[in-house]
Amino acid sequence: MKVVNLKQAILQAWKERWSDYQWAINMKKFFPKGATWDILNLAVPSMVSCSSVLSAISKFDDFSRDLCVQALLDIMDMFCDRLSCHGKAEECIGLCRALLSALHWLLRCTAASAERLQEGLEAGTQAPGEKQLAWCLQCLEKTLSSTKNRALLHIARLEEASSWTAIEHSLLKLGEILANLSNPQLRSQAEHCGTLIRSIPSMLSVHSEQLHKTGFPTVHALILLEGTMNLTGEMQPLVEQLMMVKRMQHIPTPLFVLEIWKACFVGLIESPEGTQELKWTAFTYLKIPQVLVKLKKYFHGEKDFAEDVNCAFEYLLKLTPLLDKADQRCNCDCTNFLLQECNKQGLLSEVNFASLVGKRTADRDPQLKSSENANIQPNPGLILRAEPTVTNILKTMDADHSKSPEGLLGVLGHMLSGKSLDLLLAAAAATGKLKSFARKFINLNEFTTHGSGESTKTASVRALLFDISFLMLCHVAQTYGSEVILSESSSGEEVPFFETWMQTCMPEEGKILNPDHPCFRPDSTKVESLVALLNNSSEMKLVQMKWHEACLSISAAILEILNAWENGVLAFESIQKITDNIKGKVCSLAVCAVAWLVAHVRMLGLDEREKSLQMIRQLAGPLYSENTLQFYNERVVIMNSILEHMCADVLQQTATQIKFPSTGVDTMPYWNLLPPKRPIKEVLTDIFAKVLEKGWVDSRSIHILDTLLHMGGVYWFCNNLIKELLKETRKEHTLRAVQLLYSIFCLDMHQVTLVLLGHILPGLLTDSSKWHSLMDPPGTALAKGQASSRQKKRHREDIEDYISLFPVEDMQPSKLMRLLSSNEDDATTDRSMNSSLSASQLHTVNMRDPLNRVLANLFLLISSILGSRTAGPHTQFVHWFMEECVGCLEQDSRGSILQFMPFTTVSELVKVSAMSSPKVVLAITDLSLPLGRQVAAKAIAAL
């Protein structure tokens with residue numbers, strides 16, 4: 001095509017006043033087939049693309065020529081709010097870049113007009129720039145008011161960071177010029193445009209909050225679960241889970257914090273007396289304030305968060321009956337202690353703190369103050385004082401034990417008195433120091449296993465240090481879980497005695513021990529000497545005693561003694577003497593003996609158990625003698641608590657009763673909660689129905705559900721609860737049910753997520769006989785519960801099983817590069833590979849991780865459903881699921897589950913009315929990748 005011909009055509013068109021259609025028909029004569037106007041860089045009407053027009057306009061920079069500027073603004077005004085491109089992905093990216101250039105041009109044009117207006121006003125002449133400024137601002141506002149345009153600019157900003165920087169500078173310059181503008185309407189219009197431009201980088205982070213709701217059962221249940229069952233858990237996973245729930249349910253921050261406090265006070269009120277009560281107190285007053293300190297980092301501005309916390313307390317103070325009941329239970333002003341701790345952690349200002357204290361004092365029931373028992377120290381105060389004591393004890397334990405064992409014994413003896421030990425352990429657990437605490441006592445226990453050249457006094461101190469450390473560690477393992485005790489020792493390091501004993505010999509719930517295991521069969525000569533010592537001596541010797549060897553030999557010794565008793569060689573009086581010797585000096589020997597007896601009783605027939613159970617009874621009772629070592633009564637209390645936990649399962653299975661000396665407190669409040677002779681499925685449906693009716697999960701229900709999870713297995717547990725959800729037809733109940741299910745599934749979130757996304761959900765989506773169950777409202781509710789899957793792991797499963805169950809092609813880099821360089825319209829492209837390409841593969845996500853494999857397969861299934869011609873409830877469910885995925889996204893969240901979605905799914909999703917939004921397209925594509933930006937640009941440009 002010759003330029004002269006084009007000029008002639010333009011002159012002819014002007015003379016003959018061609019219409020748009022005449023122009024289009026005639027211009028086609030000048031172009032060869034296949035050529036596009038963009039390639040020739042021509043900005044002419046009717047046939048030209050939007051990007052060429054915008055690029056051409058942005059090159060004009062003589063802003064003094066009013067008529068030219070006006071003509072260009074008129075052209076932009078004609079199509080700036082309905083930009084589109086139906087070409088290839090590269091052309092759509094070109095539209096994004098052209099729009100960015102046009103925005104920069106508009107800002108420069110606006111600034112030039114404002115400067116001319118300012119100069120005219122200063123000179124006192126007619127203001128020639130005011131009309132042009134109004135045109136510029138009108139065009140700017142019209143361009144930016146389109147969400148689609150802002151989405152395209154969002155992509156362009158990531159494509160050309162330097163151009164966006166230039167726009168930010170132009171915006172600052174324009175703000176300075178317009179600051180002195182006398183026309184309020186124009187100034188307001190300019191400020192609005194500036195706000196729209198500044199909102200472009202964060203346009204994905206805007207969520208509407210649920211201001212009409214006041215109760216959030218997921219947060220409540222999650223806090224109750226953590227406080228009841230996971231005091232030792234790390235804070236960061238809890239913080240992340242809470243933030244995920246807040247984001248998914250769009251909870252305003254004051255109501256979010258309020259729900260946390262409400263759950264804490266409910267936990268304080270309903271926790272069983274004893275250890276559980278102390279654990280809840282530590283959770284409320286030590287752990288939750290620290291959790292809020294970590295949460296504060298997720299919010300912009302410390303002052304804002306402090307105001308939200310203050311607002312939450314203002315709401316809390318209105319719940320006077322709840323606070324009064326907590327005060328009555330704890331024998332103190334619970335709120336006052338909590339306010340002090342939050343003030344100390346910088347979560348409340350001094351002014352707000354004083355105001356809240358005054359309001360609570362005024363609202364508090366006057367009878368509570370008069371009924372407080374001055375002789376009973378309240379748990380909140382004790383826990384807050386115990387925290388610094390834990391730090392001091394840890395320092396004491398770091399000292400050389402050989403230099404002052406008597407001093408150390410005095411410290412440990414003080415810890416055993418009353419409820420001091422449980423207080424200190426609860427404080428250590430809530431502040432993340434329990435593992436360190438346990439490690440110090442393992443080291444002390446290891447230190448006391450040997451003695452050389454010692455006097456009787458030194459030997460007795462060593463025996464006591466061994467016994468107290470052993471009992472404390474058993475108590476910690478039973479109260480907080482054996483994982484707190486286990487070290488992460490590297491191969492080659494010698495495992496400490498207590499760890500070895502605990503792993504191989506200590507009975508725990510769900511752990512079956514073999515009484516004939518080699519660990520119960522040590523050196524026969526040591527066993528014989530121990531039997532002789534127990535049978536012949538009036539009491540245990542202490543000097544040179546190797547206590548760890550005695551603990552390992554006691555099981556074999558007990559077997560010999562039992563055989564002798566069974567065969568009539570020993571009389572009952574001899575057995576009494578032997579058991580008195582076992583528990584007379586160190587209680588740890590009795591603990592080791594009962595540990596073996598529990599394993600032994602399981603293997604015996606009904607008529608063979610009597611003597612073994614009788615021996616347990618003998619070992620459980622205290623020894624009434626003056627010739628015992630220091631702190632004997634305190635040690636016996638801990639010993640009996642340990643023995644009761646050890647024997648609970650076997651006594652239930654053998655229908656036997658052993659009365660352990662009572663301390664007046666139920667040491668196992670959550671044990672054996674399942675009703676007898678009822679199928680576990682009935683129990684599960686019944687407990688879930690009660691929880692759903694009540695609207696929140698209490699501590700007792702959590703423990704029952706945890707027991708059912710372990711008895712029935714993860715698949716059985718999830719499948720039956722999902723069935724209960726899908727039966728529900730009332731919208732309010734389905735939403736409440738899914739909120740409660742989310743928190744119940746936190747019992748083992750990682751395994752539950754694998755089962756839900758890998759088995760249950762694909763089963764529902766692929767079986768047409770089940771599609772009806774996915775209809776609204778239960779289907780919508782289920783989609784809400786599925787959208788979050790990134791949670792902490794509690795167990796490690798067999799990775800190989802998931803690799804075989806969910807085979808995902810691990811693309812080689814060479815295949816990926818070939819695919820990325822291929823043209824989308826190229827018929828030779830491997831369509832099967834293309835259809836499965838996702839951002840996760842370009843980020844080289846580890847596909848050996850079972851969760852990643854499950855997600856990749858789920859999104860391939862979703863892509864298949866969206867692309868199929870069969871529509872139904874399952875298709876609608878997929879739409880709801882994707883909407884929820886978008887709803888709980890964070891700004892720039894590269895690690896979201898949507899990275900597993902094939903890129904080809906985007907074009908299918910935008911066909912759905914609810915998903916055909918520019919913001920949704922930006923959210924579901926990975927904009928950190930060039931390919932992701934191309935896919936997003938193409939989808940948005942076609943809207």
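Residues Met502 and Ala477 approach most closely at SD-CB, 3.9 Å, considering heavy atoms. For the residue pair Cys718 and Val752, the shortest heavy atom distance occurs at SG-CG1, 3.6 Å. Contact between Thr228 and Gln276 at its shortest, heavy atoms only, is O-OE1, 4.0 Å. Closest approach of Met639 to Val591, counting heavy atoms only: CG-CG2, 3.9 Å. Between Val683 and Pro675, the closest heavy-atom pair is CG2-CG, 4.0 Å. Annotation for Ile582 and Leu589: closest pair O-CB, 3.6 Å, computed over non-hydrogen atoms.
Looking at Lys419 and Glu273, no side-chain N of the basic residue comes within less than 4.0 Å of a carboxylate O on the acidic one, giving no salt bridge.
With hydrogens and angles ignored, the 3.5 Å screen pairs no side-chain donor or acceptor of Lys681 with any backbone N or O of Trp716. Side-chain N or O atoms of Arg635 include none that pairs as donor or acceptor with a backbone N or O of Leu416 at under 3.5 Å. Not a single donor-acceptor pair under 3.5 Å links the side chain of Glu508 to the backbone N or O of Gln478. Under a 3.5 Å cut-off, the side chain of Ser701 and the backbone N or O of Val697 do not form any donor-acceptor pair. Under the 3.5 Å distance criterion, the side-chain polar atoms of Ser574 are left unmatched by any main-chain donor or acceptor of Leu570. In this structure a side-chain-to-backbone donor-acceptor pair under 3.5 Å is present from Arg439 to Ile485. Put simply, the side chain of Glu446 gets close to the backbone of Phe497: a donor and an acceptor are under 3.5 Å apart. At least one donor-acceptor pair closer than 3.5 Å links the side chain of Ser469 to the backbone N or O of Phe466. Asn563 places a side-chain N or O within donor-acceptor distance of the main-chain N or O of Leu559, the cut-off being under 3.5 Å. Here the side chain of Glu608 pairs a donor or acceptor atom with the backbone of Gly605 at under 3.5 angstrom.
Ring-plane geometry between His600 and Trp596 is classed as parallel, the angle between the planes falling under 30 degrees on a 0 to 90 degree scale with a further cut at 60.
Annotation: Gln576, atom CD; neighbour count of heavy atoms from other residues, nucleotides and ligands within 6.0 Å is above 12. Heavy atoms of other residues, nucleotides or ligands lying less than 6.0 angstrom from CE of Met711 number 12 at most. Other residues, nucleotides and ligands place no more than 12 heavy atoms under 6.0 Å from the NE2 atom of His414.
Cys474 SG to Met472 CE: the interatomic distance, rounded to the nearest 0.5 Å, is 12.0 Å. The distance from atom OG of Ser460 to atom CE of Met545, rounded to the nearest 0.5 Å, is 14.5 Å. Taking CG of Leu278 as the start and CZ of Phe283 as the end, the distance is 15.0 Å to the nearest 0.5 Å. To the nearest 0.5 Å, atom NE2 of residue His710 and atom CG of residue Asp748 are 7.0 Å apart. The distance from the CH2 atom of Trp565 to the CD1 atom of Ile578 is 10.0 Å, given to the nearest 0.5 Å. Atom OG1 in Thr579 sits 10.0 Å away from atom CD in Gln614 (nearest 0.5 Å).
At a threshold of 4.5 Å between non-hydrogen side-chain atoms, the residues Glu234 and Pro237 count as touching. By the 4.5 Å heavy-atom criterion applied to side chains, Gln290 and Leu286 are not counted as neighbours. Under the 4.5 Å side-chain criterion, counting only non-hydrogen atoms from C-beta, Asn379 is not in contact with Trp280. Residues Ile554 and Leu534 form a side-chain contact, since some pair of their non-hydrogen atoms from C-beta on lies under 4.5 Å apart. With contacts defined as side-chain heavy-atom distances shorter than 4.5 Å, the pair His645/Thr479 does not qualify. Side-chain contact check for Phe437 versus Ile393: some heavy-atom pair is nearer than 4.5 Å. Between Phe498 and Leu473, some side-chain heavy-atom pair lies under the 4.5 Å cut-off. The closest side-chain heavy-atom distance from Lys435 to Glu483 is not below 4.5 Å.
Paired with Ile680 under the rule side chain to side chain contact (heavy atoms under 4.5 Å, CB included), one option of Leu708, Asn720, Thr707 passes, and it is Leu708.
Side chain to side chain, Glu277 and Ser271 fail the donor-acceptor criterion of an N or O pair below 3.5 Å. Thr284 and Thr281 are not linked by any side-chain donor-acceptor pair at a separation below 3.5 angstrom, with hydrogens and angles left out of the test. Defined by atom type and a distance below 3.5 Å, a donor-acceptor pair is present between the side-chain atoms of Asp422 and His475. Under 3.5 Å, the side chains of Thr389 and Asn392 contain no donor-acceptor pair of N or O atoms.
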Q: Go through the steps for Cys647 and Ile616 under the test side chain to side chain contact (heavy atoms under 4.5 Å, CB included), then give the verdict.
A: CA-CA 9 Å; Cys647 298; Ile616 292 175; 4.0 Å; yes
**Q.** Full working for side chain to side chain contact (heavy atoms under 4.5 Å, CB included) between Leu705 and Phe717
**A.** CA-CA 9 Å; Leu705 289 163; Phe717 186 76; 4.2 Å; yes
**Q.** Leu425 and Tyr480: CA distance, side-chain angles, deciding distance, side chain to side chain contact (heavy atoms under 4.5 Å, CB included) verdict
**A.** CA-CA 9 Å; Leu425 292 179; Tyr480 294 99; 3.9 Å; yes
Q | Verdict with supporting geometry, Thr275 and Lys279, side chain to side chain contact (heavy atoms under 4.5 Å, CB included) | A | CA-CA 6 Å; Thr275 306; Lys279 285 165 79 171; 3.9 Å; yes
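In this structure, Phe470 has its ring center closer than 6.0 angstrom to the ring center of Trp501.
Seen from the ring of Tyr632, Lys583 does not count as a face-on cation partner, given the 6.0 Å and 45° thresholds.
The side chain to side chain donor-acceptor pair (under 3.5 Å) pairs that include a residue from residues 423-433 are Thr391-Lys433, where partners are two or more places apart or lie in different chains.
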